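This report concerns only the one structure given below.
Note that the structure is a prediction, hence the values are computed from the model and not measured. Values reported hereafter were calculated over all heavy atoms of this structure, with side chains retained and with hydrogens, waters and symmetry mates removed.
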Amino acid sequence: MPEGNVVHHLARKLSRTFSRRAVHVDSPQGRFTEGAARVDGQVVRRVEAHGKHLFIGFASGQWVHVHLGLYGKWRFGKGAAPDPVGLIRLRLQSDESYAELRGPTKCELLTADEKRAAVRRIGPDPIRTDADPEVAWRRVSRSSAPIAAVLMDQSTFAGVGNIYRAEVLFRHRIDPFREARGVSRPEFDELWSDLVILMTAGTKRGRIDTVRDEHLPEAMGRAPREDRHGGEVYVYRRDGRPCHVCGTEVRIAELQGRKLYWCPSCQTG
DNA sequence: AGCTCATGGCGAG
DNA sequence: TCGCCCTGAGCTG
């Protein structure tokens, strides 16, 4: 269940584990057998993350493109992979380690050209140093949709998901229902640079923490880690509970089929 | 054991 | 906007 930070975290782990090594590639489940056979035995050249998309590059120039969706998961292990348990879409095996992929929305083989085209379709990713925030600003400044909806648009903010969306809006006290084009350039710049900081930190940790030091549980006399997603957050999935800053009940609403959390007192305007 | 829900996104209508 | 994909955790009982 990943936002971009987890995908980048996984890309680094896959790269550390498999880059410059020959890998045996197969699909025990059978749904990626043909693609796996085409790269089986090749050396992994590099692994890239762009937003929530993962690309594993092989010596032939071909790429395996993976999108985890809501359910997808990677598992890693040392030595030889055990007999498959359940449905494993993709399995990588080096002479030292293995990795198993289950439940992805997408697992496909791409040519070098197709991979380049796929990357071009993905919007600027705050975790990537080559991201162009002007692309995001153009879309934000021209959209009449709520800023909370635009933050989830992967062609505008690649890698941002439901947690970062809610949390970054809280941290900048922005009403999630404000029209995107009503967000000023200074506000956008603050949102973008904060996403760079939060998501980069989230990449190293492989989890999402957004609470400033002065609001941390130790500083506030609270118990840490209330939520099972693993990090410290202000509003995500805290509906009905008091805002960590002002005590107002955190609210929840459905926006485009996803749940949106915010503090109606802190996030005004 | 069974039910609900989840950090996502696609395609049909 | 809805259904679906398809996995797993956290509840209920």
Side-chain angles (χ1 to χ4, degrees), chain A residues 1-13 27-32 49-55 65-76 84-91 99-108 110 114 117-119 121-123 125-127 139 145-146 148-171 176 194-195 198-211 225-241 250 252-262:
Chain A
M1 307 91 79
E3 300 196 18
N5 66 305
V6 169
V7 179
H8 280 263
H9 187 80
L10 286 165
R12 289 180 191 180
K13 181 154 190 178
S27 176
Q29 171 198 41
R31 284 184 58 186
F32 188 59
H50 298 261
K52 297 167 187 167
H53 298 257
L54 188 65
F55 299 89
H65 172 213
V66 172
H67 195 297
L68 292 174
L70 196 50
Y71 313 124
K73 276 183 175 56
W74 284 94
R75 284 185 58 182
F76 294 83
V85 176
L87 301 174
I88 300 173
R89 183 79 60 88
L90 170 68
R91 186 165 62 168
E100 300 170 338
L101 171 66
R102 297 161 197 274
T105 283
K106 182 160 287 192
C107 176
E108 63 181 355
L110 300 181
E114 289 168 337
V119 168
R121 286 192 293 271
I122 301 168
D125 173 352
I127 296 174
R139 288 172 166 273
V150 177
L151 273 165
M152 293 280 279
D153 172 4
Q154 298 299 296
S155 58
T156 308
F157 294 94
V160 172
N162 209 11
I163 303 177
Y164 282 122
R165 170 264 284 273
E167 295 296 308
V168 80
L169 288 172
F170 179 90
R171 283 166 59 94
D194 204 24
L195 286 169
L198 290 175
M199 295 176 74
T200 301
T203 297
K204 296 192 179 83
R205 299 184 187 187
R207 56 178 248 180
I208 297 178
D209 296 276
T210 61
V211 178
R225 293 187 64 162
E226 292 178 38
D227 200 282
R228 65 170 173 233
H229 81 272
E232 284 293 339
V233 295
Y234 283 109
V235 291
Y236 174 71
R237 280 181 53 141
R238 295 199 62 254
D239 52 301
R241 285 185 279 171
V250 172
I252 181 171
E254 196 100 357
L255 183 65
Q256 294 175 328
R258 306 299 301 279
K259 286 180 173 150
L260 169 67
Y261 305 86
W262 80 103

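In terms of the salt bridge (charged side-chain N to carboxylate O under 4.0 Å, His left out) criterion, R89(A) has no residue partners (sequence neighbours excluded).
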Between the protein and nucleotides 9-12 of chain B, are there any N/O to N/O pairs under 3.5 Å, and if so, what are the atom names and distances?
{"residue": "dG9(B)", "atom": "OP1", "partner": "H67(A)", "partner atom": "NE2", "Å": "3.4"}
{"residue": "dG9(B)", "atom": "OP2", "partner": "K52(A)", "partner atom": "NZ", "Å": "3.4"}

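Atom-to-atom, CD1 of I208(A) to C1' of dG8(B) comes out at 13 Å; the value is rounded to the nearest Å. If you measure from atom NZ of K73(A) to atom P of dC5(C), you get 18 Å, rounded to the nearest angstrom. The CG atom of L260(A) sits 16 Å away from the C1' atom of dA6(B) (whole-angstrom rounding). Going from atom OH of Y164(A) over to atom P of dA6(B) covers 19 Å, rounded to whole Å. Note: CG (L70(A)) to P (dG3(C)) measures 17 Å, nearest angstrom. Residue R165(A) contributes atom CZ, which lies 9 Å from atom P of dT7(B) at whole-angstrom precision. For R102(A) and dA9(C), the CZ to C1' distance is 15 Å, given to the nearest whole Å. Residue D209(A) contributes atom CG, which lies 17 Å from atom P of dT7(B) at whole-angstrom precision.
Within the nucleic acid shown, L87(A) comes within 4.0 Å of sugar-phosphate atoms alone, with no base atom in reach, counting heavy atoms only.
A heavy-atom distance below 4.5 Å is found between the side chains of T203(A) and R12(A). For the pair W74(A)/L68(A), a side-chain contact is recorded, criterion being any heavy-atom separation below 4.5 Å from C-beta on. The side-chain heavy atoms of W262(A) and L169(A), taken from C-beta on, include no pair separated by under 4.5 Å.
In this structure, Y261(A) and Y236(A) have perpendicular ring planes: the angle between them is above 60°, well past the 30° mark. Using bins of under 30°, 30° to 60° and over 60° for the plane-to-plane angle, the ring pair H65(A)/F55(A) lands in the parallel bin.
Of the possible donor and acceptor atoms, one in the side chain of Q154(A) sits under 3.5 Å from a partner among the backbone N and O of M152(A).
Comparing dC10(B) with dG8(C), their P atoms are spaced 22 Å from each other, to the whole Å.
Applying the 4.0 Å criterion to OP1 and OP2 of dT7(B), one finds that Y236(A) has a side-chain N or O inside that range.
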